Structure formats: structure tokens, C-alpha cells
J.: 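Could you have a look at this structure, given as C-alpha cells, before my questions?
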Amino acid sequence: MGRVDMCEDIDLQVRIGSLRLRNPVMTASGTFGYGREFAHLVHLQRLGGIVVKGISLRPRPGNPPPRVCETACGMLNAIGLENVGVEGFIAKKMVFLQTVNTPVVVNILGDSVEEYYEIAHRLDGVDGVGALEVNISCPNVKKGGVAFGTVPEMAARVTAAVRRATRLPVIIKLSPNVTDIVLMAKAVEEAGADAVSLINTLIGMAIDSRTRKPRLANIIGGLSGPAIKPVALRMVWQVASAVSIPVIGIGGITTAEDAVEFLLAGATAVEVGTANFYDPAAPEQIIQGLKTYLYEQNEQSVRNIIGSLQTG
Amino acid sequence: MGRVDMCEDIDLQVRIGSLRLRNPVMTASGTFGYGREFAHLVHLQRLGGIVVKGISLRPRPGNPPPRVCETACGMLNAIGLENVGVEGFIAKKMVFLQTVNTPVVVNILGDSVEEYYEIAHRLDGVDGVGALEVNISCPNVKKGGVAFGTVPEMAARVTAAVRRATRLPVIIKLSPNVTDIVLMAKAVEEAGADAVSLINTLIGMAIDSRTRKPRLANIIGGLSGPAIKPVALRMVWQVASAVSIPVIGIGGITTAEDAVEFLLAGATAVEVGTANFYDPAAPEQIIQGLKTYLYEQNEQSVRNIIGSLQTG
Amino acid sequence: MPEFQEKCHVHAIEQVAPDVFQLSVHAPRISAAATPGQFVMVRVGEGFDPLLRRPFSIHQQFADGSLSLLFKKIGRGTTRLSRLNNGDVIDIIGPLGRGFDLSCQEPVGLVGGGMGIAPLAFLAKRLAAGEREVAKDYVLLGARDRHELAPLAAVFTALGYQVRTATDDGSMGHHGFIPDLLADIFSEIQLVYCCGPHPMMKNVVNTCAQADVLCQVSLETHMACGLGACLGCTVAGRDGNYVHVCRQGPVFYAGEVGWAE
Amino acid sequence: MPEFQEKCHVHAIEQVAPDVFQLSVHAPRISAAATPGQFVMVRVGEGFDPLLRRPFSIHQQFADGSLSLLFKKIGRGTTRLSRLNNGDVIDIIGPLGRGFDLSCQEPVGLVGGGMGIAPLAFLAKRLAAGEREVAKDYVLLGARDRHELAPLAAVFTALGYQVRTATDDGSMGHHGFIPDLLADIFSEIQLVYCCGPHPMMKNVVNTCAQADVLCQVSLETHMACGLGACLGCTVAGRDGNYVHVCRQGPVFYAGEVGWAE
Ligand SMILES: Cc1cc2nc3c(=O)[nH]c(=O)nc-3n(C[C@H](O)[C@H](O)[C@H](O)COP(=O)(O)OP(=O)(O)OC[C@H]3O[C@@H](n4cnc5c(N)ncnc54)[C@H](O)[C@@H]3O)c2cc1C
Ligand SMILES: Cc1cc2nc3c(=O)[nH]c(=O)nc-3n(C[C@H](O)[C@H](O)[C@H](O)COP(=O)(O)OP(=O)(O)OC[C@H]3O[C@@H](n4cnc5c(N)ncnc54)[C@H](O)[C@@H]3O)c2cc1C
Ligand SMILES: Cc1cc2nc3c(=O)[nH]c(=O)nc-3n(C[C@H](O)[C@H](O)[C@H](O)COP(=O)(O)O)c2cc1C
Ligand SMILES: Cc1cc2nc3c(=O)[nH]c(=O)nc-3n(C[C@H](O)[C@H](O)[C@H](O)COP(=O)(O)O)c2cc1C
Ligand code: FES
Ligand code: FES
């Protein structure tokens with residue numbers, strides 16, 4: 001039996017709460033559109049899951065341009081959560097996704113706890129939606145714009161509201177812009193989250209020295225890409241060591257080795273983000289590379305390596 | 001008059017409290033040894049200032065190896081604050097630095113408020129010491145290892161103690177691993193800091209997928225280099241907009257444009273860190289490039305561009 | 001519309017003017033599917049610095065499965081591309097976006113400035129391949145100087161177009177800007193295809209609007225993906241909305257986008 | 001000791017065995033100041049990825065101001081270096097660290113494995129240039145196979161040394177490891193200079209200790225600066241302390257460092 005065949009026997013399945021994934025490699029919110037954008041370039045049905053661009057209750061136009069800029073091994077974005085709104089999503093975007101035999105995770109966002117509740121409620125029972133990922137890096141307008149994801153109590157309240165609103169698995173997506181991410185993870189675990197995913201982008205900034213203007217119209221934006229991988233991996237390791245719900249690792253993942261690092265650190269699955277921009281082939285290559293890795297490491301199942309970091 | 005001559009007329013002087021710098025380009029703590037290490041490669045007397053490796057009350061052996069690893073556009077270090085101790089520093093390292101006509105900033109660290117006080121007191125009046133930079137990213141052993149730099153009250157207490165201990169300008173070096181760096185900056189400003197410098201390293205991690213071991217013996221380490229520049233710049237801008245004491249920008253600075261970005265964001269001076277490793281010529285090139293930039297921008301003095309970011 | 005990610009061999013890389021390069025690659029699937037005005041996203045180098053792909057219009061397309069890009073070295077990505085050698089492999093995604101609307105059968109003007117001339121070459125060839133009499137069409141080209149302009153202008157002349165030129169330094173054709181030449185031809189054309197620096201396009205768009213001549217423009221903006229996924233490539237639309245250049249464009253009718261300062 | 005940062009032109013780059021390259025550069029100041037066992041820090045590429053310089057021993061040094069490195073392609077940095085072309089410019093800092101102690105006038109053994117042979121070539125040449133009778137010295141070299149070993153062994157043979165070899169696959173010399181050959185020569189030498197993979201060096205150090213033969217080893221460890229500034233290059237010293245390979249080494253007497261697992 002050839003090596004490729006051996007690799008094909010390897011079990012890549014993982015579970016996030018009640019959501020079963022054929023493999024642990026998903027695409028991250030905001031970096032894969034609504035799936036269809038990549039339909040020509042990627043075998044969508046081979047992915048572990050597709051996390052769609054963040055959806056709010058009503059459509060949002062997003063920020064003025066420029067919205068993106070490149071940084072060392074990374075990029076900044078200040079898209080401003082442009083999206084079609086939950087009704088537009090269900091009517092226009094979900095239809096295509098329902099034809100793809102791959103779990104769809106809907107990333108949701110809101111200005112208030114009530115808004116999170118409403119979106120979650122609206123998506124409950126929508127055909128083809130496999131789970132909700134709750135972006136809590138958004139400002140709470142009722143609390144002077146402090147991000148939900150930076151105050152444990154606020155994060156817990158959003159979690160509890162979404163939990164009540166839906167029977168779908170609830171994944172809380174944590175912000176890395178905090179002193180103690182373990183505190184945040186524990187707060188949302190206690191409030192009923194089925195899983196946590198991390199990290200969202202680090203807050204950053206870039207300036208055009210010639211014009212003396214910020215490179216983003218919004219002045220500050222979210223840093224993503226390989227540059228942030230070490231921070232993401234550290235946080236995933238800390239969180240996975242502290243909570244009992246599954247952890248999904250995100251941040252700069254481009255290669256199978258990157259994904260393995262997150263799995264070893266305790267992630268049950270990973271999301272590939274910015275890499276989709278510079279290499280749409282990345283998620284599929286990671287899936288293939290994971291098999292090769294497991295074969296070389298003499299492991300039958302990806303589940304065997306989760307959290308198997310040797311720190312002794 | 002040629003362009004180079006024109007550039008020579010440009011005024012690069014800045015002040016950090018009572019400390020006068022011939023130009024705003026210093027070298028960052030832990031990346032330039034005790035100055036002497038670079039004496040063959042760098043014209044030390046052209047630098048704006050030299051910040052030495054962090055000094056503790058007693059010598060420290062540091063962490064077991066491996067202590068460094070490369071990441072995308074950055075590196076992780078877990079040196080573990082290896083240093084010769086304050087007496088060793090004065091006896092062995094200061095002697096050489098006294099022969100260099102460049103301001104020396106001594107970076108200090110401690111396990112307790114008392115220790116910070118003692119080191120600061122010991123360095124007060126030592127010939128050639130121009131200022132103290134207080135690294136508050138260290139764990140407070142009396143508070144279960146929480147870093148001084150993550151709790152405003154603890155940071156304020158260290159600041160006040162060092163302030164009492166010395167007549168030297170006191171620069172508090174802030175940790176970026178916090179939810180709200182402005183809170184920290186304001187707390188230390190109120191407690192008597194003459195300036196703040198930021199950022200210290202972000203906490204990160206890397207794993208060798210083959211061996212399943214962390215790449216650093218210490219498991220986690222500090223992320224530095226171009227990868228972190230956007231985060232550093234954002235924090236410098238936020239802090240400079242909120243405090244009235246001078247801000248020193250640090251994080252991934254390699255080129256004159258990088259330095260200009262920090263100055264425009266409100267930094268009065270900058271420190272070049274990891275770049276010293278991959279390009280020891282960087283600080284001098286930045287100084288030269290700053291002059292060219294100011295000439296092209298038709299500015300006589302570097303002070304004119306500090307905080308001149310156009311956000312309108 | 002089909003899109004492909006191809007690892008392409010470099011056929012030829014030529015410096016056609018100071019800082020201007022023409023890069024030919026073998027990209028059979030992209031080449032076969034491409035229409036004028038579409039672009040490709042090119043990965044520059046292997047590491048993560050620079051990280052993002054760079055967008056380039058398809059400059060020429062050939063029946064043998066190759067295509068060429070015309071680019072100016074302005075930064076880190078284009079500097080790397082300029083150092084490619086024959087036989088090197090680069091990773092290209094395309095063809096992307098909405099190209100020029102070719103439905104106009106009346107005489108047209110092709111108006112290009114600087115690297116904006118790149119997509120017009122493909123357009124000119126495709127137009128010439130149709131039923132139309134290209135001798136009635138006009139091509140107005142502007143650039144810094146004759147070094148940059150002459151080799152490009154030759155492409156259009158060879159196809160039988162009437163070519164008029166302008167250079168910033170007067171070293172070839174009109175000493176000044178392209179829009180100056182537009183008024184002369186308005187009576188003879190129905191539509192302008194335009195690509196060039198933003199201020200020039202704005203000027204052309206205004207001039208066309210006044211003369212009631214339709215105008216299609218190809219826009220540039222910073223792009224992270226080129227695929228409609230990042231939503232980073234927005235520009236202002238007509239009425240306070242945003243449009244995404246990579247999917248809704250890069251070619252727009254002038255009226256579809258905002259031209260405010 | 002003087003140190004220089006030089007932008008060096010590549011003189012020649014040759015593949016001497018599968019994955020093994022010899023890179024010759026013009027670095028007059030570094031070359032003039034270098035002593036055997038010292039190393040250089042090489043910047044790989046221009047961007048920030050890979051970020052850090054790579055350390056390499058000086059393999060050969062020539063009176064015309066050039067020097068050469070011998071390296072194996074094992075990762076991203078060495079892959080980039082292997083793609084250099086004649087005339088390319090690379091940025092090198094050196095000579096760095098403490099080289100071999102050359103004071104021993106008695107017969108010695110030069111023991112190298114794999115790329116650890118690199119610094120021994122410079123050492124052998126310098127030793128041969130002195131008063132000593134190198135025909136009484138021994139050179140023991142090990143590598144994966146004859147492809148890797150033969151060209152390297154030739155350098156030492158040409159200098160008049162007695163060369164003995166071992167290969168992992170038996171394709172040249174002894175089929176097995178270098179330390180196996182040591183016992184034979186202990187009666188004739190006073191000191192061993194050793195450089196190679198860590199397990200091999202440990203083995204050599206132990207064997208020497210038992211035979212009461214002095215041993216100098218050249219160590220490898222991850223380095224961020226090579227200048228004594230980052231304190232990243234520590235290895236365990238003799239009694240629980242740490243030593244910094246880049247300044248206190250890379251060459252140590254075996255007794256100066258710890259050899260525990
Ligand atoms: C649809 C489209 C078609 C284009 N066609 C051509 C062409 O045919 N020939 C040509 O020479 N140029 C063309 N450009 C511009 C080209 O993409 C930029 O010159 C190139 O990206 C610069 O990369 P750099 O790394 O050299 O510059 P840098 O300034 O170092 O790039 C930094 C970042 O800014 C982006 N950027 C910089 N300038 C531009 C720009 N003008 N437009 C978009 N992004 C930019 C880069 O993509 C990169 O992400 C086109 C742009 C677009 C959007
Ligand atoms: C003093 C000294 C002298 C050396 N002399 C030679 C020589 O003459 N010939 C030769 O082929 N190699 C030599 N090495 C090893 C050489 O430095 C590494 O092979 C090289 O750094 C690998 O770089 P990479 O990017 O290809 O590998 P990667 O694994 O991609 O590098 C990742 C990081 O790890 C570091 N690294 C990886 N392997 C080693 C290693 N073995 N030692 C130190 N750092 C490492 C790299 O410098 C880089 O920072 C020497 C090392 C030292 C410390
Ligand atoms: C352009 C862009 C848009 C994004 N939009 C969202 C979003 O709508 N919701 C969300 O939770 N995260 C969003 N993210 C964050 C990513 O999902 C991911 O958490 C982050 O980019 C880190 O992963 P990466 O380094 O692999 O990109 C966005 C990221 C980028 C680059
Ligand atoms: C190897 C290394 C050692 C460091 N040691 C210290 C230290 O002793 N005290 C301190 O305050 N900062 C220390 N730093 C942090 C730097 O001074 C600087 O704040 C950080 O590296 C960010 O700047 P950079 O990206 O330019 O390196 C160290 C950084 C590195 C890379
Ligand atoms: S470039 Fe990403 S959506 Fe247009
Ligand atoms: S490599 Fe930096 S101190 Fe040795």
C-alpha cells in the first residue's frame with residue numbers, strides 16, 4: 001500500500017460541540033466572503049467548515065477607503081464590518097452555501113446584547129447553518145464603545161443571550177486585545193459557550209510618512225497574517241490549558257505545520273484567514289499536509305495530537 | 001549649497017524630561033548589550049542614546065536554552081533577564097560607557113517595588129547615567145507573579161518608588177500586553193514619570209511540530225521585530241494623544257520611515273531594537289534618513305513633525 | 001466566470017523603458033478565459049514579506065496560452081517582479097473582475113496614461129479582431145517621455161489605429177496632457193475607454209460628461225484578495241454607497257462611481 | 001578584535017554535493033582579520049522574512065581578500081543563499097567569536113562531521129602554513145556519503161595531512177562513525193580539534209576525556225545577533241552556569257561546557 005493510500009486512512013474528524021467536521025480546517029470570517037467567492041479556486045466540499053463574513057442585524061456599508069494596507073508579514077484592515085445584514089444573508093448568500101456539502105458557521109456581530117440575541121434567534125433553524133461564531137470584538141454602544149470582548153461580564157452577557165436565542169452550537173470568538181484572555185475564555189465558558197475561537201485581529205496602525213496621513217481612513221485597524229501567529233498560538237495554548245470546551249485556533253495559519261502547532265497547543269480545529277488572500281490553495285494544502293504529518297508521526301487520528309505539546 | 005549640507009543644518013535635538021538627546025534615535029534595551037558589543041560596527045557617539053540591557057539588583061543567570069527563535073518578520077526571546085546585577089554593571093560595564101559621549105539610559109527591573117527602589121537609588125549619581133528606563137513587564141513575586149505593567153496601581157507604585165529614589169529622569173517602559181495601555185500611561189504619568197517608552201515585547205509562542213516541543217525552553221517569550229510595528233505604532237499614538245509627558249516609540253523600527261511614523265504619531269524619540277541584530281547599521285541609517293526626510297518635507301527641526309499626523 | 005490559480009513559467013521579461021517591464025508568462029487557462037480590462041493577482045516571492053498579491057491588468061493575451069503584464073517598478077513587489085528570470089515560476093490568479101463592455105459598434109476612443117495603457121493593448125487587439133473598422137477609432141496615449149511611450153504606441157499603430165500621443169516633457173507628441181487632445185475627437189466617437197492615473201481619469205470623465213460621450217474607466221485601488229472576499233477594495237459609488245473594484249470593476253461606466261475629491 | 005559589516009560581492013557559488021554549496025565572496029576586511037574557527041553572520045535576502053542573519057563558520061580564507069563558506073541547504077535561509085548568483089551582493093558581519101587555540105605544537109587530530117568540516121579547512125591551512133609537520137597530524141572526516149565527503153577530503157589531502165574518512169553508508173572510508181577511528185590515533189596526538197553534529201562531538205569529547213587527550217570543540221546554537229548582545233546563544237557551562245557561544249565560543253575546550261543530555 002502506497003504512502004498516499006496510508007494517508008487516506010487517517011482520521012481527521014473533530015467535533016465542536018455537536019458540530020461534526022470532516023477535518024479541522026475551516027476558513028476564517030471576513031477572509032472567505034460567503035464561500036462563493038472562492039468557488040472557482042477551492043474545492044469547497046473538502047473544507048472542514050466555512051465561517052462566513054460577520055453578519056449584523058441590518059446591512060452595514062462599512063468604512064470609507066482606504067480599508068486595507070500591507071505590513072511586515074501581515075496586513076491591516078478596517079473594513080468596518082460591511083455586510084448584507086442577516087435577512088440579506090439568508091436570502092442571497094445562504095442559498096449557495098446550502099448547495100455545498102460543508103458545515104457553515106455564521107459569524108455574527110452586534111452593537112448591543114439585544115442585537116446579538118436577535119440575529120442569533122433569526123439564524124436558529126435556518127437550513128444549512130451549522131453553528132454560530134460570535135464576534136465580540138465589536139464596541140458596545142451602550143457602554144461608550146468599549147468592546148464586548150474586553151470585559152468579562154459583557155462577554156458573558158452576550159454569550160448567555162446568544163445561548164438562549166439558539167439551539168445551534170455557540171462559538172465565542174475572543175479578542176486578543178486584552179490583558180488576560182484566560183479570564184475572558186472562562187467567563188464565556190461559564191455563560192454557556194460551546195467553544196471559543198481565537199484570535200481576532202490585534203489592533204494596529206500604519207502611517208504614510210510622505211503624506212503624514214494614516215494608511216487607513218479609520219486610522220486604526222486589525223492586524224492579521226503570519227506576523228501575529230506567535231501571539232495567537234500563545235493565547236490558544238493558555239486558553240486550551242484553562243477551559244474544558246473546544247478551542248479553535250486562528251492567527252496567521254498558512255501551512256500544515258502552522259495548523260499542527262495550534263493543534264498541539266490544544267486547538268481542536270483551526271481557521272485559515274489572511275492566507276486565503278495570498279494563497280487560496282492554503283486550506284486544502286493544510287488538509288493534505290495534516291495527513292502527511294500524522295502519517296509521519298505514526299498517528300491514526302488527528303484527535304491524538306490535540307493538546308499533545310511536550311512541555312516537560 | 002549641496003543637498004547633503006542642507007541636511008546637515010537640520011536640527012534633530014529632542015528632550016526627554018531634563019535629558020537632552022542630539023537626535024531622537026536610541027537603541028533599545030536588551031538589543032544592544034552594554035554598548036561595547038557594537039563598538040566595532042557602530043559609531044556609538046552618533047547615537048541619540050544607548051539604553052542598556054535590563055539590570056537587576058543581583059546578577060541573574062537567565063533562562064535555559066533555547067532562548068531565541070525566529071518567527072514571520074519577527075523573533076521570540078526568553079532570555080530571562082540575564083544580567084550582571086547593578087554592582088557588576090557599575091563596576092564592569094559603565095566604565096566603557098563613560099568613555100562614549102552619548103547619553104546612557106539604564107533599564108532596570110525588579111521582583112518587588114522595594115527592589116526597583118534600591119536599584120534606582122544605587123544608580124542615582126553614578127557618573128554617566130543619563131536616565132532610568134523602568135521595565136515594568138516583570139512579574140511581581142509578592143502578587144503571585146502578575147506583571148507590574150498590567151495593573152495600573154502596581155505600575156504607579158513602582159513609578160512613585162523609583163521617582164523617590166533618584167533625581168534622574170524616570171522613563172517608564174510600558175507593556176503592550178494590556179487591554180488599555182492609555183490607562184497604564186496615565187497611571188504612571190500621575191505617579192511622577194518623566195516619560196513613557198513603549199512597547200515592550202508582545203507575549204508569544206512557537207512550537208516545533210516535529211518534536212512537539214515549544215521552541216523556547218521557557219515555552220512563552222517576547223515577540224519583537226517588524227511584525228509588531230503596527231501594534232506599537234497604534235499604542236504610541238493612543239498614549240501620545242492622552243498624556244502630556246514625552247513618549248518614546250519602540251517596536252519593529254528598522255528604517256527612517258518607520259521612525260518617522262512613530263514621530264508623526266507623537267513620539268518624541270524612538271528606540272531601535274531587534275533591527276540591531278539583523279542590521280547594526282540601522283540606527284545610523286535612520287539618523288541620516290531622518291535628515292533627508294526633514295529636508296524633503298521642508299522642515300528645519302525634527303520637533304516640528306512630532307505628533308503632526310493628519311487625521312482630519 | 002471561470003478563475004484559475006496557475007503556477008506559471010516566465011517566458012520572457014524585458015525592460016521596455018526605464019523602470020517599465022513587460023513580463024510574459026505561460027498561463028493557458030487564465031489566458032484562454034481572459035477578456036480585455038480584466039486583471040490578475042500575482043504572488044511576489046515565496047516568503048511572507050511582501051505578503052499580499054499584486055494586481056495587474058492583462059496587457060496582452062496570445063493564442064498560445066501566454067499572456068503578458070506591463071508594469072512599472074514603484075515599490076517592493078514590483079521590484080521583485082522586475083528581477084524575475086526566464087524559467088522562474090510565479091503564482092497567478094485570474095482572470096479577475098469585470099472587463100470593458102465591448103458592445104459599442106460605433107467609433108471609440110482608447111485613452112490611456114502611463115501604465116494605464118497596459119489594458120488598452122489587449123482591448124485594442126480584441127476590438128481589431130472584430131468586425132469594426134479600427135481606422136475610425138482613436139487611441140490617445142500619454143506618458144512621462146518618449147522612452148516610455150514610443151514602444152507602447154507602436155503596438156496600437158501596428159493594429160491600424162490612429163494614434164495621438166502626449167508626453168509630460170514634450171519629447172513625443174503633444175507637450176502636455178491627454179485630456180487636451182480629447183475635444184478634437186469627440187465629434188467622431190461615441191465612447192471612451194479610459195485607464196490612467198486618477199486625476200487624469202477624473203479629467204477625462206468630466207470632459208466626456210460635458211461632451212455627452214460615454215466613458216468606461218478602469219480603476220485602481222488597494223486590494224488584498226482581488227476575489228470579492230476581503231471587501232478592502234471599495235471606492236465611493238454614485239450616491240454615497242460603496243462599490244468593490246475587484247468584482248464590480250475594475251472597469252466601470254463613469255456614472256457608476258463617485259468622482260468627488 | 002576588529003569586526004566589520006561588509007556588503008560583499010559573490011565571487012562564485014558552487015554546488016559541491018547534493019544540498020551542499022560553497023559560496024565565495026569578496027570581503028577584504030573580514031578576510032584579513034579572520035582566524036580559524038571564527039564565524040560570520042550572513043543576511044539572507046532583503047525583506048524581513050527571514051529576519052535574522054545566519055551564522056556560518058569561515059571555511060576558507062584567501063590572501064586576495066575573499067573567503068568562502070560551506071553550507072548545507074536545510075531551511076529557508078540556506079535555500080535563499082543557495083540561489084545566489086555571481087555578482088549578487090550580500091551583507092556579512094565578521095569575523096566573530098573566539099576561534100581555535102592554535103598554540104599546541106605537538107601532533108593534533110582534526111575531527112569533523114558533516115558541515116562541521118567547514119571550519120577545519122581554514123584551520124588545516126593555517127596550521128600547515130606554520131612551522132609544524134602536518135604529515136604527523138591526522139584528519140578524520142565523516143559525512144553521509146562519498147558525494148559529500150570526497151571533495152572536502154581532497155582539501156586536506158592536498159595540504160599534506162593524513163586523512164581518514166567514514167561515511168554513514170560506507171561509500172567512502174570506514175562504514176560507520178568518526179569516533180570509531182579515534183582510538184587508533186590517540187597514541188600519536190596531543191589534542192583534538194572537533195566540529196560536527198552535537199551527538200558526535202559529545203562522543204568525541206568523552207572518548208578524548210577517557211584517553212586524556214585535550215579537545216577543542218566548535219559549538220552550534222541558535223543565534224540572533226552573533227555579537228554578544230542578545231544573550232540568546234547560551235549553552236550550559238561546566239558547573240550550572242551558562243556560556244555564550246557567540247562571544248566565549250564558538251570554540252571551547254571541552255571542559256568549559258556541559259555535556260549532559
Ligand atoms: C486592477 C488593477 C490593475 C492594475 N494594473 C497595473 C498594470 O497593468 N501595470 C502597473 O504597473 N500597475 C498596475 N496596477 C497597480 C499595481 O497593482 C501597483 O503598482 C503594485 O501593486 C505596486 O506594488 P509594489 O509592491 O511595487 O508597491 P508598494 O507601494 O510597495 O505596495 C504596497 C501595497 O500597496 C499596493 N499598491 C501600491 N500601489 C498601488 C496601486 N497603484 N494600485 C493598487 N495597489 C497598489 C500594493 O499592491 C501593496 O499591497 C494595477 C492596480 C489595480 C488595482
Ligand atoms: C557558529 C556557527 C557556525 C556554523 N557554521 C556552519 C557552516 O559552516 N556550514 C553550515 O552548513 N552550517 C553552519 N552552521 C549552522 C547554520 O547556521 C544553520 O544551518 C543555518 O542557520 C540554517 O538556516 P536556515 O534558515 O536554512 O534554517 P531554518 O531552520 O529555517 O532556520 C531557522 C532559524 O534557526 C536557526 N538555525 C537552524 N539550524 C541551526 C543550526 N544548526 N545552528 C544554528 N542556528 C540554526 C537559523 O539561524 C534561523 O534563525 C553554523 C552555526 C553556528 C552557530
Ligand atoms: C479583511 C478581514 C476581514 C475580517 N472580518 C472579520 C469579521 O467580519 N468577523 C470576525 O469575527 N473576524 C473578522 N476578521 C478576522 C479573521 O477572521 C481572523 O480572526 C484574523 O484575521 C486572524 O487570522 P489570520 O491571521 O489567519 O487572518 C477579518 C480579518 C480580515 C483580514
Ligand atoms: C533579545 C531581547 C532582549 C530584550 N531585553 C530587554 C530588557 O532587558 N529590558 C527591556 O525593557 N526590554 C527588553 N527587550 C525589549 C526591547 O527593548 C524592545 O522593547 C522590543 O524588542 C520591541 O522593539 P523591537 O521590535 O524594535 O525589538 C528585549 C528585546 C529582545 C529582542
Ligand atoms: S480586493 Fe478583496 S474584495 Fe476586492
Ligand atoms: S548570538 Fe546574540 S549574544 Fe550570542
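These figures come from a predicted structure and were not determined experimentally. Order of the sequence lines fixes the chain letters, A, B, ..., with proteins taken first and strands second; residue numbering starts at 1 for each chain.
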J.: Heavy-atom pairs under 4.5 Å with chain C: which of A:P61, A:P65, A:G62, A:A281 has the most?
T.: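 Of A:P61, A:P65, A:G62, A:A281, A:P65 has the most heavy-atom pairs under 4.5 Å with chain C.
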J.: Between A:E70 and C:R54, does any side-chain N to carboxylate O distance fall below 4.0 Å?
T.: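 A salt bridge is present here (some side-chain N lies under 4.0 Å from a carboxylate O).
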J.: Could you tell me which portion of A:N83 (side chain, backbone, both or neither) has an atom closer than 4.5 angstrom to a non-hydrogen atom of chain C?
T.: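 Neither part, no heavy atoms under 4.5 Å.
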J.: Could you grab the distance from atom CZ of C:R43 to atom CZ of A:F277, nearest 0.5 Å is fine?
T.: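 The distance works out to 13.5 Å.
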J.: How many angstroms lie between atom SG of C:C230 and atom CE of A:M75, to the nearest 0.5 angstrom?
T.: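 If we round to the nearest 0.5 Å, C:C230:SG and A:M75:CE are 6.0 Å apart.
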J.: For a quick test of reading the model, state the closest non-hydrogen atom pair linking C:G228 to A:E37 and the distance between them.
T.: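 Here C:G228 and A:E37 meet closest at O-CG, 3.6 Å.
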J.: Among A:G33, A:G30, A:C73, A:A78, who wins on heavy-atom pairs under 4.5 Å with chain C?
T.: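 Winner by heavy-atom pair count: A:C73.
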J.: Indicate the atoms forming the closest heavy-atom contact of C:G232 with A:R67, along with that distance.
T.: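 C:G232 and A:R67 have their closest heavy atoms at O-CB, 3.7 Å.
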J.: Given that the side chain runs from C-beta out, which part of A:A227 has a heavy atom under 4.5 Å from chain C: side chain, backbone, both or neither?
T.: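 Answer is neither: A:A227 stays 4.5 Å or more from chain C.
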J.: For the atom pair CG (A:D279) and CD (C:Q5), what is the distance rounded to the nearest 0.5 Å?
T.: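 Interatomic distance, A:D279 CG to C:Q5 CD, rounded to 0.5 Å: 5.0 Å.
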J.: Please report the interatomic distance OH(A:Y278) to CG(C:L52), rounded to the nearest 0.5 Å.
T.: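 Answer for the OH-CG pair, A:Y278 versus C:L52, is 9.0 Å.
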J.: Please classify the contact of A:Y34 with chain C as side chain, backbone, both or neither, using a heavy-atom distance under 4.5 Å.
T.: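 Contact with chain C involves no heavy atom of A:Y34 at all.
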J.: For chain A, find which of C:L231, C:D49, C:L227 contributes the most heavy-atom pairs closer than 4.5 angstrom.
T.: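 Ranked by heavy-atom pairs under 4.5 Å with chain A, first place is C:L231.
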J.: Relative to chain C, which segment of A:P66 carries a heavy atom at a distance below 4.5 Å: side chain, backbone, both, or neither?
T.: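 Neither part.
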J.: How long is the span from the SG atom in C:C225 to the CZ atom in A:F38, to the nearest 0.5 Å?
T.: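 Rounded to the nearest 0.5 Å, the SG-CZ separation comes out at 6.0 Å.
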J.: Relative to chain A, which segment of C:F4 carries a heavy atom at a distance below 4.5 Å: side chain, backbone, both, or neither?
T.: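 Only the backbone of C:F4 comes within 4.5 Å of chain A.
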